[in-house]
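To find a chain, count down the sequence lines: A is the first, B the second, and so on, and within it residues start at 1.
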Amino acid sequence: MKARVFVTLKTGVLDPQGQAVMHAAASLGYEEVKGVRQGKYFEIELDSVENAEERMKKLSDQLLANPIIEDFRVEVED
Amino acid sequence: MKARVFVTLKTGVLDPQGQAVMHAAASLGYEEVKGVRQGKYFEIELDSVENAEERMKKLSDQLLANPIIEDFRVEVED
Amino acid sequence: MEEPKITPELIREHGLSNEEWQRMLDILGREPTFTELGVISSMWSEHCSYKSSRIHLKKFPTEGPQVLQGPGENAGIVDIGDNLAICFKMESHNHPSYIEPYQGAATGVGGILRDVFTMGARPIANLNSLRFGEPDHPKTPYLLQGVVAGIAGYGNCIGVPTVGGETTFDPSYNGNILVNAFTLGLVRHDRIFRGFASGPGNPVIYVGAKTGRDGIHGATMASEEFSDETEAKRPTVQVGDPFMEKLLLEACMELFEKDCLVGIQDMGAVGLTSSALEMAERAGTGMVLDLDKIPVREENMTAYELMLSESQERMLLVAKRGQEKQVYDIFRKWDLEAHEVGRVTDDGRFVLLYKGEKVGDMPVNAISDQAPMYDRPQSRPGWQDEVQQLDEESLPEPADLGKTLLDMLASPNLSLDKWVWRQYDHMVHTNTARRPGGDAAVVRVKGTRKGIGLTVDCNPRYCYLDPRAGAYLAVAEAARNLSCSGALPLAITDCLNFGNPEKPEIMWQFAQAVEGMAEACQDFGTPVISGNVSFYNETDGKAIYPTPAVAMAGLVEDMGHVVGSHFEHDGDHVLLLGSTKGHIGGSEYLSFVHGKVAGLPPKIDTDCEKRLQRFLRQAAKDRLLSSAHDISDGGLAIALAECCLKPEGPGLGLVVKHEVRARRSDFFFFGEGTSRAIVSSSPESIDALMTLAGRLGIETAHMGRVGGDRLAFEPHFNLALSDMYQAWSSTVPKIAGD
Amino acid sequence: MRCGIVTFPGSNCDHDCLHVAQSVMGWDARLIWHKEKKLPPLDLVILPGGFSYGDYLRCGAIARFASILPAVQKFAAKGGLVLGICNGFQILTEAGMLPGKLMRNRSLRFICEYVNLKVEHADSPFTSRFQGGETIQIPIAHMEGNYFADTDTLKRLEDEGRVLFRYCAPDGEINAAANPNGSQRNIAGISNESKNVLGMMPHPERCSESILGGEHGRRLFESIQSWVEERV
Ligand SMILES: Nc1ncnc2c1ncn2[C@@H]1O[C@H](COP(=O)(O)OP(=O)(O)O)[C@@H](O)[C@H]1O
Ligand SMILES: [Mg+2]
């Protein structure tokens, strides 16, 4: 099994990294770029378990994301 | 328009962050976790342009990923 | 946008008492607008108005020939000669660091840096004082890791060395950690800037990061139901951007070299509100702000939010009309935003315009003149007498003092905290002559022979047992630490961390501590030039130990005089200075080995302490010392161990030839008296050193000669330095979970 | 001896390098703003340490697009000496002037401390004042110093004698315990093929004066000076 977890900053939370990337993109001539938010992306190899999705959600909440400033989304596939 | 870029470490490149996550997951009792690779995830707001996907691929290659150690994948949606 | 109606609930949610509300009505002569309610109530909050503490802080000595700027500005300033001055302040970021340790600590560092460079000073050193809960508390590893990484993340990135601090653990901080951050900067006398909005007509310029809804606090969450926002929870955690602040710092430094600036102030607590109001108030002027001009990061922000946002990395400046272009040019060079958002007026009013409406019109002076000030009731806690009792005889005497010494070395509060400061870049700027791990850090001042000694100290156990004595001793110890390194103490800044001031017992602790600190500052000639008060450090009705942290800066006239705290040369003579009385009350030994926090803190003979300190500085100046280390937490045995052990590994040993002169040997080794130090001196210098000691009336005892790889005090203990180092260096990484 | 030190937004060690160049070495040294497009006549360009662009995205990833970089590349191509220290090393790898990449430290923590380094080759412009095989002490201060390159690259670096510094034990032994950050083969500093470009994680400018507790770094600057002086 495989899980993918996307961790992103909550709306409204300052994202200095995303801003730096946006400015760099603009100065490289990518003027169409209007906003960048940088997040984290985890690819997780799993032994087959029941309620894998639920467990990965719990793991994300506990470990992968900082719930005070971040949201996350989990995808599990067999 | 919106683009999503996923940047992941190439196979064979050591991933200290992913390893740390894996160990932490194990010590929290997530024994099903067999491997973790940590990557980056960008959400990009775009003005509508032609060949957006191509341009975002070029941006990823130039800036968002370092081809020595990283691969990337781009998704563009309207 | 329609502003919400002022209701009794709204008033209460803004933390206003009836009397304060009435006062607000009197000042305005009408009901406030919603924005005005936010502005005035936040200026009258404890955090901004110091309403519970102001009356006490007046007791601090704040003047002296060396003081160029005392409390009242963003940071205080002290002369060091050569047309140079040092500017410093300490500030708490306790609550935010508990909520989100990384960002809380990081933005704490960012905030104190801005307070210093807004004065025109380039930051050259950071310190921090950290208090965590007990090591076994489930949150401690997470908080420790996050706070340290946050301080490192911000300080390292902006490139200011973090050269010292303290890290301790105690159950009293389980629910309320303390994160106190200190910054010291260097400034030329003719380049000191202050937060003045002078000269009606002058432009008010906003520089730095855009404004978001960061950190709009509790009471103000009331606004949520009135806004168009749909998202469920509004983030209030501020995220720091040290890169932005680095650019801001460099741009401001360039600006200070030009002749176009009238006044400048960072946007700290309550952001634009306090910086604008304070600048106008100091200058006796008024100000009009056009809030439509504020650069924003989020959509649909209200005037209320713009005024109260605590987004980081922003400054407000007032330029000379006609010279603005210089400001804009410099900020453009650094790729930063700068916008004229208002102007200085002469009518003493603070006027806020937004979307074609006047959303606020308040009298500047009245808001500060009429700010509430309370002399809150105090009473000595009923338990105070009881905790001061200690039946020393009932304490079992350890069978093996060598083992006790190893245990003590491995105790959370005495063990090596290199795990912490290894994460701080403590060498950038290439000035750090004495790195972390000694009594005081010393940074040189390039272009002169001088250096600055820095230390931060407080023993919260002493302050709990006797707040007045504890605060006094914190100042005395700081001065002793500086003297050991050869620096002359100049002035202090402080962070007064206490519980809920509305409780008479807490208020008593506070008042006592302030008095003790004031007296000590008088005695040691170190005025208070800045500081900060943090109240309400309580969880479930249980307050932290009173923790008045003291950070002191001192002057080293010649960097050639600096003395370190570890033994340096084989064959050097080792002297114990001062008398060892075996005082055990409040000691680390009593707490760690016997599990008791009881008794009274050690007594201090001020005259004797000052003589010792004078001796240490004179001996340093005469180059008679190879090392000097003060004896504090853990007593004589721990101090000896610290002379032998270096942060990077075992150093040089010592076989002590000396007798135990106390009722009990454990009290002798681990008792914590004041006015003591261990020094080492070369065979060529020892006679001169003894002569100097005789002249100043310093009690000395010869302890032996430096050498070997053991620390021995027969027949009590004889330990290999490698074993001691092992014990000493393993604990903090373990607590952190590494 | 003419030395230029590039200031990127977020450079922190530019003034430290300037201090060593001017006050310790007595060189004619100056700062060069990243927005410049040309270099003045120089013998040495230093890309200093710090956090260019906050080290956001990847260390050095944004700085490599600085306007000044093509000029630095041209300078190097003509044989000019380029020294990248810490963030400067990271920028050199991102810009492709040196192979490999500096990854997050194995411990995931920032590390600031003195380390032991083995000087592998004393025949480069940067190391002539050291003995080959000598152990020296220079501080590191970084979060991303974990050197990575593919096997072929590593082999080429070794074969061509381009690994100039390795983390080692006090006795000079190269082992895992002496590796602070997880770098492959304990690599702390490498040069380009023609040996005129050096990237290193340790900070020689931080130990070039006795008052700072170490002077080994100064020998690196002295090596550069004697190399340049021999050539004029
Ligand atoms: N305990 C204290 N001792 C001395 N001065 C203090 C103390 N607490 C606050 N001050 C002074 O009061 C003023 C306001 O402090 P503060 O609100 O923390 O400033 P800022 O808003 O710049 O962070 C400052 O000049 C500060 O130095
Ligand atoms: Mg301030």
Side-chain angles (χ1 to χ4, degrees), chain A residues 1-11 15 17-66 70-76 78, chain B residues 1-11 13 15 17-65 70-76 78:
Chain A
M1 281 177 110
K2 211 170 164 171
R4 268 187 283 270
V5 180
F6 306 83
V7 176
T8 49
L9 285 170
K10 290 198 151 106
T11 5
D15 178 10
Q17 302 222 57
Q19 297 232 304
V21 170
M22 189 176 86
H23 289 138
S27 73
L28 288 172
Y30 296 87
E31 316 223 306
E32 69 269 34
V33 174
K34 289 298 155 212
V36 178
R37 304 281 286 171
Q38 181 170 340
K40 290 180 202 139
Y41 170 57
F42 298 88
E43 287 180 346
I44 305 178
E45 294 290 334
L46 287 179
D47 271 351
S48 203
V49 283
E50 273 175 64
N51 54 27
E53 180 159 344
E54 200 179 307
R55 286 179 63 83
M56 285 303 104
K57 278 190 178 156
K58 208 165 139 232
L59 175 68
S60 304
D61 188 52
Q62 270 185 290
L63 185 68
L64 305 182
N66 176 348
E70 292 169 328
D71 293 323
F72 62 86
R73 187 159 56 82
V74 174
E75 288 172 7
V76 175
D78 284 308
Chain B
M1 280 177 113
K2 212 170 163 170
R4 269 187 281 270
V5 180
F6 304 83
V7 176
T8 49
L9 284 171
K10 287 198 152 92
T11 19
V13 176
D15 176 12
Q17 284 167 291
Q19 296 227 308
V21 169
M22 192 176 84
H23 290 137
S27 74
L28 287 171
Y30 296 86
E31 318 226 304
E32 69 269 34
V33 173
K34 289 301 155 208
V36 179
R37 304 283 286 171
Q38 180 169 342
K40 292 181 193 134
Y41 170 57
F42 300 88
E43 288 180 345
I44 305 178
E45 293 290 333
L46 289 178
D47 270 353
S48 202
V49 283
E50 273 176 67
N51 53 25
E53 180 159 343
E54 200 180 306
R55 285 179 64 84
M56 285 303 102
K57 279 189 177 154
K58 205 165 140 234
L59 175 67
S60 303
D61 187 52
Q62 263 188 294
L63 180 69
L64 303 182
E70 293 165 329
D71 294 321
F72 63 86
R73 187 160 55 81
V74 174
E75 289 173 5
V76 175
D78 285 307

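The contact between Leu63(A) and chain B is made entirely by side chain atoms (from C-beta outward), counting heavy-atom distances below 4.5 Å. When heavy atoms are compared at a cutoff of 4.5 Å, Lys2(B) does not approach chain A at all. Proximity to chain A (any heavy atom under 4.5 Å) is restricted, for Met56(B), to the side chain, taken from C-beta onward. For Gln62(A), the part lying near chain B is the side chain, with the backbone staying farther off; criterion is any non-hydrogen pair under 4.5 Å.
No more than 12 heavy atoms of other residues, nucleotides or ligands lie within 6.0 Å of NZ in Lys57(A), so this atom counts as exposed by the packing criterion. The environment of CD in Glu75(A) is crowded: more than 12 heavy-atom neighbours from other residues, nucleotides or ligands sit within 6.0 Å. Heavy atoms of other residues, nucleotides or ligands lying less than 6.0 angstrom from NZ of Lys58(B) number 12 at most.
Considering every non-hydrogen atom in both Arg55(A) and Tyr30(B), the closest pair reads O-CE2, 3.3 Å.
Interface check for chain A: of the options Gly35(B), Ala52(B), Gly29(B), the most heavy-atom pairs under 4.5 Å are formed by Gly35(B). In terms of heavy-atom pairs under 4.5 angstrom with chain A, the leader among Leu59(B), Leu28(B), Thr8(B) is Leu59(B).
In this structure, Arg4(B) and Phe6(A) have side chains that are not in contact, with every pair of non-hydrogen atoms separated by 4.5 Å or more.
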Please tabulate, for side-chain N and O atoms in residues 38-50 of chain A, each donor-acceptor pair with protein atoms closer than 3.5 Å (sequence neighbours left out).
from	atom 1	to	atom 2	distance (Å)
Tyr41(A)	OH	Glu43(A)	OE2	2.9

